[in-house]
Protein chains: 2
Amino acid sequence: MLSPSQFIEKHRPAGGRRSSKRDFIVDVFLRQSGHLGADELVTLIRNEDARISRATIYRTLQWMVDAGIARRVDFGDGKYRFEHSYRHPRHFHLICRSCQQSFEFLSSDIEMLLEEVANARRFTPSESVLQIYGKCEQCQTGLPDTTPRVPLELVFARDALRVAIATERSGLAFYQRAARLARDPRGRRVFERLAAEEREHLSTLEARYRELTEAEPQLEAQPAFLFFKSASNGLFAAGVEELSAPGVADREALRIGIRCERASYRFFKQYGERFEESEGKRIFLEFADEEREHFELLVREFRALVARQRSRKVKPRRTTSTPEKATTVRRASRPRAGTTRAGAAAGGSRKRA
Amino acid sequence: MLSPSQFIEKHRPAGGRRSSKRDFIVDVFLRQSGHLGADELVTLIRNEDARISRATIYRTLQWMVDAGIARRVDFGDGKYRFEHSYRHPRHFHLICRSCQQSFEFLSSDIEMLLEEVANARRFTPSESVLQIYGKCEQCQTGLPDTTPRVPLELVFARDALRVAIATERSGLAFYQRAARLARDPRGRRVFERLAAEEREHLSTLEARYRELTEAEPQLEAQPAFLFFKSASNGLFAAGVEELSAPGVADREALRIGIRCERASYRFFKQYGERFEESEGKRIFLEFADEEREHFELLVREFRALVARQRSRKVKPRRTTSTPEKATTVRRASRPRAGTTRAGAAAGGSRKRA
DNA sequence: ATAGATGCAAACCCTTTGCACATTA
DNA sequence: TAATGTGCAAAGGGTTTGCATCTAT
């Protein structure tokens, strides 16, 4: 993972020349955690015993924004704040109007809805600003903030792991059920193999999660940064439900699996690519890779199954399929099959809160 | 509905004195449709052949904001814009970075998610700012804007009607199915009565919609203002699905209906109260009233049913229920009755969730 | 040697304000 | 007449810029 100086080098635009003053400003700036106004940065620089003119600070801030090292945010109080992007993905803000403190969050669900709105207007979005103004807990209750400050970078990694784990869990449930429902022995083996993989990967992720939280005991108490609600419910949850519909043969199960893996892959890939270099980004991209592999495996299996079924039709042998109806299983685990089927027909839209 | 001058009078704070200049500024301002910077308002005033100082314009803008006549919005370009609230509910913005035009929308789904985020942080929100920056369709394609401008107020009313109609439709579907499933004759009559009411109200709403769109032919082509996705899917849609579960007796159906009506009532009431005086507000509040009445009716029926069932247990008469099994109906529409019947027998009469 | 970085102070932009004068109740 | 509203010009704040002076390549 990139160190702060590697981060700067990666972003340094070609053609300019180095300058010790600029380097110093950037260094001081990167050491800060929250949002800084230009003036506050000037003060910090002065405290660190350097005499750099205000104009240079402003110019360097602009330079950092252009380079992608910093982002300029507008809290609506007539002056700009700056936050660095080192290990910080782009996010939204909660802003306390009484103490001016700000809190960061990111919601994939909201971003999805924003995309829909933009699409409906045929608007090509480039950036979204979302700020919730109000009163923070401390200013509301008058009590001091007892929660210890943990670098956002760790909370981000924690939440990335949580999302991955939730997805992994729902994936495991999916393949377990699919294996149980499978009629074709080869199909069953595929599902079992994937279930085993998910199980193993899940324990890896959980170990990583434990490691992270044990290294920083305060971490679990931190409020969430990622509000990835739909993903946290498990991207395979809908698929698991669909499996329970009547008449879901191996072929259909594969199809559902393919759809879920693709959706999952895309989701983790999209965010992983968008995030700044960080542990969170790595978790997302690694997970996306896993999902892509599963996706590809399923596609291969699907093709093989189709080929097998076709050849069987041409020169029919003994029927290997339907020795026991899926219905049996269904009745045992899930009595109301009617709804599910109606829901499945409607597509993925039936998410019940 | 309030006229512009009534609107001003309603908001005029007590204790101040009238002034012809201020009145004139407010009048000019209210005649505008979009967002104005202070300077643009000065220009407008000058064009209307009045010489009013810039300071007065600024002071009047502040006065309007304090009075609730105007809202100040910050598009992040270093100057404030103002929009009046006459028949315009608070909303979010899409802002084109190349032509500076802005488009308005409101999403209840996003607002719901925002509330969840704030809750998770124990943050007390007072206002949310949401802006999507990017390129509008015209600036993207280079084509001129052919869509005729229709006052937002009408689009707002149209969308309010659409949301109400969608809810009404899903409500109708709910009561129709509930009536079909009902075993108790009195329960069935209640559901039938409510279905009839919904049908009637639905046609009223549809007539109102037709009236609106016929008066302004361009209205239907306008992009949406309200993105009330979950409501537009029908607030009873989940209820309809739940009805199909096995073992849903009259009592449970009533319970589901009560839950849906209450949710619907709250939803329309909440937004209706929040909206500025307008046709859209009226539609929401009237609809909320309807839902409240249904809610109360269902609660009464539920209580009566419980009482009836209790007294029947004490002194058992001939069974008035199950002259024909609900299963019959269900089997007709849905082939797999085996599960359903078993479920109905088991859960129907005794289990209460 | 020369493009690029810095310092200083002035300019900028939008907005607010102090004070004398005008209006309204 | 006494409290409010208005005009003018000046001040305010955060930010940008022109220009002379450095400094890194």
Side-chain angles (χ1 to χ4, degrees), chain A residues 8-9 11-29 35-46 48-67 69-83 95 100, chain B residues 8-9 11-29 35-46 48-67 69-83 95 100:
Chain A
I8 298 168
E9 289 322 310
H11 286 82
R12 189 186 295 283
R17 7 191 107 156
R18 277 200 100 94
S19 120
S20 57
K21 300 203 172 179
R22 177 147 68 204
D23 285 355
F24 183 68
I25 297 170
V26 174
D27 181 62
V28 171
F29 179 67
H35 306 83
L36 287 184
D39 212 50
E40 297 164 80
L41 186 51
V42 171
T43 309
L44 275 170
I45 299 283
R46 298 272 149 94
E48 301 241 3
D49 197 44
R51 215 60 72 59
I52 297 179
S53 91
R54 198 173 295 276
T56 303
I57 307 274
Y58 274 102
R59 282 194 270 240
T60 303
L61 281 168
Q62 188 55 53
W63 180 85
M64 287 192 286
V65 169
D66 293 340
I69 291 169
R71 288 184 287 259
R72 199 179 72 163
V73 292
D74 182 357
F75 283 4
D77 58 351
K79 71 182 199 185
Y80 293 116
R81 320 281 167 117
F82 296 83
E83 59 187 19
I95 301 161
Q100 300 298 332
Chain B
I8 298 169
E9 290 319 312
H11 286 81
R12 189 185 295 283
R17 343 192 127 160
R18 282 197 96 98
S19 120
S20 57
K21 302 204 169 174
R22 179 149 67 205
D23 285 354
F24 182 69
I25 299 170
V26 174
D27 181 62
V28 171
F29 179 67
H35 306 84
L36 287 184
D39 211 51
E40 298 163 78
L41 185 52
V42 170
T43 309
L44 276 170
I45 299 283
R46 297 271 148 94
E48 299 241 3
D49 197 42
R51 242 173 281 117
I52 297 179
S53 89
R54 197 173 297 274
T56 302
I57 307 274
Y58 273 101
R59 283 195 270 240
T60 302
L61 281 168
Q62 188 54 55
W63 182 85
M64 287 193 287
V65 169
D66 294 339
I69 292 169
R71 286 185 288 259
R72 199 178 72 165
V73 291
D74 181 358
F75 283 3
D77 59 351
K79 72 184 198 185
Y80 293 116
R81 321 280 166 117
F82 296 84
E83 60 186 18
I95 301 161
Q100 299 299 331

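As the structure is a computational prediction, the values presented were derived from the model and not from experiment.
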key: Any N/O donor-acceptor pair, Arg18(A) side-chain to dG4(C) base, under 3.5 Å   = no

note = Taking dT17(D), dT15(D), dT23(D) as options, the one with an atom nearest any side-chain atom of Tyr80(A) is dT15(D)

message = Applying the side-chain hydrogen bond (donor to acceptor under 3.5 Å, both in side chains) criterion to His35(B), which one of Glu83(B), Arg71(B), Gln100(B) satisfies it?
response = Glu83(B)

ask   = Which is true for Arg22(B) with a 4.0 Å heavy-atom rule: it touches a base, it touches only sugar-phosphate, or it touches nothing?
value = sugar-phosphate

request  = Would you please confirm or rule out a distance under 4.0 Å between OP1 or OP2 of dT15(C) and any side-chain N or O of Tyr58(B)?
outcome  = yes

Rounded distance (Å) that lies between atom C1' of dA5(C) and atom CZ of Phe24(A) = 17 Å

key: Whole-Å gap separating C1' (dG12(D)) and CG (Asp77(A))   = 15 Å

message = Counting C-beta onward and ignoring hydrogens, is there a side-chain heavy-atom pair between Leu44(B) and Glu40(B) closer than 4.5 Å?
response = no

query = Side-chain donor or acceptor of Arg17(B) under 3.5 Å from a matching atom on the base of dT4(D)?
reply = no

note = Side-chain contact check for Arg54(B): nearest option of dC8(C), dG7(D), dT15(C) is dT15(C)

ask   = What is the distance, rounded to the nearest whole Å, between atom CG of Asp23(A) and atom C1' of dA24(D)?
value = 12 Å

query = So, is Ser53(A) close to the dT6(C) phosphate, meaning a side-chain N or O under 4.0 Å from OP1 or OP2?
reply = no

request  = Using whole Å, report how far CD of Gln62(B) lies from P of dC14(C).
outcome  = 18 Å

task = Could you state the atom-to-atom distance from CZ of Phe82(B) to P of dC14(C) in whole Å?
result = 13 Å

query = Separation of Ile52(B) atom CD1 from dG5(D) atom P, in whole Å?
reply = 15 Å

Between P of dT16(D) and NZ of Lys79(A), the distance in whole Å = 14 Å

message = So does Arg22(B) get a backbone contact from the side chain of Arg59(B), meaning a donor-acceptor N/O pair under 3.5 Å?
response = no

Shortest side-chain distance from Arg59(A), nucleotide among dT6(D), dG18(D), dA9(D) = dG18(D)

message = So, applying salt bridge (Lys or Arg N to Asp or Glu O under 4.0 Å) with Asp39(B), which one of Lys79(B), Arg54(B), Arg46(B) is it?
response = Arg54(B)

ask   = What pair of heavy atoms forms the shortest contact from Glu48(A) to Phe24(A), and how long is it?
value = CB-CZ, 3.7 Å

request  = Calculate the interatomic distance between Lys21(B) atom NZ and dA22(C) atom P; express it in whole Å.
outcome  = 11 Å

query = Nearest to the side chain of Ser19(A), which nucleotide is it out of dA5(C), dG5(D), dA3(D)?
reply = dA5(C)

